[in-house]
Student: 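Below you'll find the structure I mean.
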Amino acid sequence: MSPTEIVVAPNDGSYLIDGYELVCGLEVHVELATATKLFSASANRFGDEPNTHIDPVTLGLPGALPVLNRHAVELAMRIGLALNCTVQPSTFHRKNYFYPDMPKAYQISQYDQPINIDGWLELPGGKRIGVERAHLEEDTGKSTHIGGTGGRIHGSDYSLIDFNRAGVPLVEIVGRPDIATPDEAKQYVTELRQILVAVGASDAKMEEGSMRCDANVSVRKPGAPLGTRCEIKNVNSVRSLGRAIEYEARRQIALIEAGESIRQETRHWDETDGRTHTLRTKEDADDYRYFLEPDLVPLAPDADWIEAVRAALPMLPRERRSRLSRATGAAADAEAVMVVVERGQDDYVLAVAEAGADATRALVHVKEAYAEQGPRPSVPAADLARMIVMETGGKLTSTQAKTVLAELVANGGGDAEAIAKSNGFEAMDTSALEAIVDEAIAAQPDAWAKYCSGEEKAMGALVGAIMKASKGKADGKAVTALLQSKRG
Amino acid sequence: MSATPTTTSSGASSGNTPTTAFEIAAAVRAGSVKAIEVLEAHLARIAERESDIHAFNLVTADAARESARRIDGMVAAGRDPGALAGVPIALKDNMCTRGVPTTCSSRILEGWKPPYDATVVSRLAELGAVSVGKTNLDEFAMGSSTENSAFGVTLNPRDISRVAGGSSGGSAAAVAAAFAPVSLGSDTGGSIRQPAALCGVVGVKPTYGTVSRYGLVAFASSLDQIGPFSADVRDSALILESISGHDPMDSTSIPQGPLDLLSVLDHGVKGMRIGRITDMPEGADPDVLERLEAAFDALRAAGATIVDVELPSLKYGLTAYYLIAPAEASSNLARYDGVRYGRRVDAVDTNSMYMATRAAGFGDEVKRRIMLGTYALSAGYYDAYYGKALKVRRLISDDFARAYATADVLLTPTSPIPAFKVGEKADDPLAMYLCDVYTIPTNLAGHPAMSVPFGTSRDGLPIGVQVMASTLGEQPMFKAAAALERHMNDAGGMS
Amino acid sequence: MPDPSSERISAAAVAKVARLARLDVGDDEIARMTVQLAGMLEHFADIDALDLSDVEPMTQPYPLRNVFREDVVKPSLDRDEVLANAPVAEDGRFRVPPIIGLDG
Ligand SMILES: [Mg+2]
Ligand SMILES: [Zn+2]
């Protein structure tokens, strides 16, 4: 650690000091869900015995030559189109550097002509974050550090290299520095993840490393030129991303406030102490000697291919949310809408509504009761619809509805009326209810008088008594309606 | 295919023992000669002279005997072993052979046994050819004399005080010494044609993309091509037909079938336009220029027209080449890092291990080119060197396109000088680079070119004439080469 | 030792290039290489005067595009055969000395 290193106490509650703004851009690497590697035919598989998915290309053996995986290109195009990018003719370069997990001592990557450029991602609240590019490149192998303390590179005795991951196709999505808060960063990654999963490009699991996120962070006074940025690496969850950006912003502000300048460097997020640490400074940055990869030829998807990929794209999360919002009246970024779309249960909610139920009730019930269910819940949409019709028709109270729904979920569906009956949830007819209401009014004349004089709160005591007398069978809405009509 | 040759090589067949690949394959397929007999005759010559020549890094006699017997077994069983049945072939030691050491004549790959075969190697095997061993080369094919081998110099069978040329010196010498009727080399800036000229054999660099590079250890990827050596033009046509054609493992492989060459060899050159480069780079030996003139005369006499062409950018070829090839090489050779294969010099950390391994594993010329190439690509110098060289490459290619609008083939010397003495240029890299001045431009353009033996110098050293053609112009090129060869045969080796 | 630097390339640049290329070369080798590289670059100065402003760089000889393979798995190489070629292997993996000084 250098002498100018400032250590900020993690998380003192206020992430930005007044008078500064955060400027953040994210670079996200995702592993593509192909069967084989980007340039060779060995399997793209995670978690197997080391060095069991290797071939001459993967190992950088002398004489081996890369051949581009068509499906990887298609997945990259799906990502680009889903992020509103332009798909353009592109080329591959060699990025030359030595590292033991980089078999050829160069990475084949797209450089000045990436396949996707100039797109954007819209956060649920409507803000657009620019996407500069989304390009294809190959992954490295994996080093395991042996000896020393706890598998860390520093102080290890030696390292072991597994090349199963080497050559796995990646798309690197380079976002523009449009992110202004740690929360926006978290939303961006969450939204991006959903898009990647939706288009079938990747399983995008940050915890497993199939989605990796680096954050470029700088701070400035509003209107001032951009500050010096630091790149934060090793962020392994959405939560850590927010924490790391927040920490880094506060560290930079503290440096500026202390009259120091910020050094452009790559920093490492340490989950255990909740801080970022210097990994390397810009001064010793490598000279990558990029040049066009002579073993590959240009990639130029024709318009027909691009349009076919575009046409085959599934509906994206943003569109799904607005569709659900229109159907239910809930806001597009309402929690229930976000959650249900993320679970992929929005089609189901719409099917329940289609079967005759109130869409808003369907949304609420699915959000509350379907957390353990996937995009295709086990309860037939018609069964849930029948239950909701009973509920909105006053035949079930909301409490009873929950009980019935729990049974429907537990049994994977069923006849809501039969379940209600077996629970003794008999529908109370209007005359019986009216009798109970009249009794309650007679028993609490003071409360009735207050209620009649416009004191709405007084209704509570009456409703409580009515519910008690009906043994919970009375429908709250119907009770309120009766009381109101009697007040005149 | 006829078993009777229409043309014969300098080492003409005696009696009924076939000597050319064409004759051998025909005789073995017909059952009139056994592959094992053919092989033993070649192994005997190797045993006799290899210690003087050092064409090979490794002779795989046992494996060769096994393949020859297998081929004989197939013939006996009435099955056809293929178009190259029983043909002994020597492979430059930069082509991967599964389980057989492939060194590139470098300490850094000493002992490495590839776990896979190069595409050319498997194609040859499928056609019944019998690999006799791996031939010596300048380390990683960088050189023009095979003096840069880590395993000793290959000497010229025509005069063992002289070099065989390079970098495919071992493959050229193997054919010149009749250790094998045919061999494969690789040509990045003249590495097939120049040693062919110096050793008095035929050597062909085909159009870039016609022969798969899969399994050829890369020197400069956008320039490297595999091609044959042989004693006569027909054998080169036969081998090139056998190894050319699309390979899905090589993205730069042209998607078309094998070249069709044998069928055009007897077509003659009547009506063909033979280009003479009026602004050809200077400095060739007078004997070499004299033989070139004789070649023009021979083709004119055979009915061709000689036309003048200008290629003003040709003189920049050497510069473009010696920036582009080292730049690609610096990247291609970065993988020799002591991690996965080959030599390692141990050290306290990985970076020191890299530095020590590469310093000990590479020879001087390889280091020189890695340095030059790294510099040409490095930040601040890319535009002035590598970037500029790529533009010069375009100029040269455009010049050729204009020339081929008026000429079907061009004729130049292959090498500016005949075989030189061992050690004569060893300490002057630039003088060595100048050996490639006539061969380099074709590699930059990606065109085919071949060297045909066309007489000797006053000192009796072989001289080759280079026939160049445009992209996929192998047919006119072979027609002209065959005509030159016929002229020499008709003149009884004199002219 | 006289400074071998020339107008074309300095000894310091040669030393930097050697580090980039991971070649451990001593001072006298740097000096020798500087002289040789300078000589070559001098020779290659013939293209300096060319006006190449509107010339397209040529990177490949034959104009192909869109060359693909289908996404179909082929068997892996045999790990034992591959590791038999490794300078040092352990536990099914390639062993290297501690990885330090490589981040830059
Ligand atoms: Mg990046
Ligand atoms: Zn990347």
Side-chain angles (χ1 to χ4, degrees), chain A residues 39-41 51 54-70 92-108 111-112 141 143 145 153-163 166 285-299, chain B residues 94-96 102 104 106 109 112 114-119 140 212-218 220-224 247-253 324 327-328 330-342 349-351 353-355 358 373-382 386-387 390:
Chain A
F39 298 116
S40 65
N51 293 308
I54 52 175
D55 58 77
V57 176
T58 296
L59 290 173
L61 295 188
L65 295 173
V67 186
L68 182 58
N69 181 337
R70 183 198 302 269
F92 291 90
H93 275 67
R94 292 185 182 179
K95 178 183 184 180
N96 294 283
Y97 68 94
F98 286 85
Y99 205 87
D101 64 15
M102 176 55 70
K104 304 178 294 297
Y106 55 82
Q107 180 194 32
I108 303 178
Y111 182 53
D112 54 357
S143 317
H145 311 298
I153 189 164
H154 290 285
S156 64
D157 297 328
Y158 59 92
S159 300
L160 297 177
I161 322 286
D162 166 19
F163 290 104
D286 221 325
D287 175 350
Y288 292 122
R289 287 156 287 137
Y290 279 101
F291 72 104
L292 213 61
E293 165 58 283
D295 290 329
L296 290 169
V297 303
L299 168 61
Chain B
N94 61 351
M95 298 173 199
C96 289
T102 299
C104 297
S106 180
L109 269 179
W112 179 58
Y116 78 109
D117 276 328
T119 297
F140 284 104
S212 170
R213 291 184 295 119
Y214 188 72
L216 169 68
V217 181
S221 312
S222 77
L223 302 160
D224 297 341
D247 179 13
M249 299 299 280
D250 176 355
S251 303
T252 62
S253 169
I324 292 168
E328 292 184 11
S330 71
S331 174
N332 283 330
L333 271 63
R335 68 188 61 197
Y336 305 104
D337 59 5
V339 175
R340 286 144 296 130
Y341 42 78
D349 60 66
T350 297
N351 200 45
M353 183 273 280
Y354 285 164
M355 306 277 290
R358 292 165 59 78
T374 304
Y375 184 66
L377 285 175
S378 66
Y381 301 100
Y382 179 100
Y386 183 70
L390 293 180

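Letters A, B, ... are given to chains in the order of the sequence lines, protein chains preceding strands, and every chain is numbered from 1. This structure is a prediction, so every number in the text was calculated from the model and none was measured.
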Student: Let's test your reading of the structure: which of B:N332, B:V339, B:L109 forms the most heavy-atom pairs below 4.5 Å with chain A?
Tutor: B:N332
Student: Between B:T252 (side chain) and A:V297 (backbone), is there a donor-acceptor pair under 3.5 Å?
Tutor: no
Student: Which heavy atom of A:F98 sits nearest a heavy atom of B:A334, and at what distance?
Tutor: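 Heavy-atom minimum between the residues: CE2-O, 3.3 Å.
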Student: Looking only at heavy atoms, what is the nearest atom pair of B:S251 and A:P66, with distance?
Tutor: OG-O, 2.8 Å
Student: Taking only residues two or more places apart in sequence or in another chain, which ones pass salt bridge (Lys or Arg N to Asp or Glu O under 4.0 Å) with B:R340?
Tutor: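 With neighbours one apart ignored, the set is B:D337.
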Student: Drop me the distance from A:L65's CG to B:M249's CE, to the nearest 0.5 angstrom.
Tutor: 8.0 Å
Student: Looking just at side-chain N and O atoms, do A:R94 and B:S331 make a donor-acceptor pair shorter than 3.5 Å?
Tutor: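 B:S331 and A:R94 do have a side-chain donor-acceptor pair below 3.5 Å.
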Student: Taking atom OH of A:Y290 and atom CG of B:L377, what is their separation to the nearest 0.5 Å?
Tutor: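 These two atoms lie 13.0 Å from each other.
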Student: Look at the side chain of B:R335 and the backbone N and O of A:G60, then say whether any donor-acceptor pair between them is shorter than 3.5 Å.
Tutor: yes
Student: Given a strict heavy-atom distance threshold of 4.5 Å, which part of B:A379 is in contact with chain A: side chain, backbone, both, or neither?
Tutor: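 Both backbone and side chain.
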Student: What's the shortest heavy-atom distance between A:A64 and B:Y214, and which atoms?
Tutor: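 Closest heavy-atom pair between A:A64 and B:Y214: CA-CE1, 4.1 Å.
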Student: To the nearest 0.5 angstrom, please state how far the OG atom of B:S378 sits from the CG atom of A:D287.
Tutor: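 So the OG of B:S378 and the CG of A:D287 are separated by 5.5 Å.
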Student: Please report the shortest heavy-atom distance between B:Y341 and A:L59, naming the atom on each side.
Tutor: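 Here B:Y341 and A:L59 meet closest at CE2-O, 4.2 Å.
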Student: Heavy-atom pairs under 4.5 Å with chain A: which of B:W112, B:Y336, B:Y381 has the most?
Tutor: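 Option with the greatest count: B:W112.
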Student: Which bit of A:D295 is near chain B, if near means a heavy-atom gap under 4.5 Å: side chain, backbone, both or neither?
Tutor: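 When you check distances to chain B, atoms from both the backbone and side chain of A:D295 fall under 4.5 Å.
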Student: Using the six-membered ring wherever Trp is involved, compare the ring planes of A:F291 and B:Y386 and label them parallel, tilted or perpendicular (cut-offs 30° and 60°).
Tutor: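 A:F291 vs B:Y386 ring planes: perpendicular.
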Student: How about B:T102 and A:P62: do any of their side-chain heavy atoms sit closer than 4.5 Å?
Tutor: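 No; the side chains remain at least 4.5 Å from each other.
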Student: What heavy-atom pair brings A:V67 and B:P248 nearest, and what distance separates the two atoms?
Tutor: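 Scanning both residues completely, I find the closest heavy atoms to be CG2-O, 3.4 Å.
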Student: For the OH atom on A:Y111, are there more than 12 heavy atoms of other groups (residues, nucleotides or ligands in this structure) within a distance under 6.0 Å?
Tutor: no
Student: In Å and rounded to the nearest 0.5 Å, what is the OG to CG distance from B:S221 to A:L292?
Tutor: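 Between atom OG of B:S221 and atom CG of A:L292 there are 11.5 Å.
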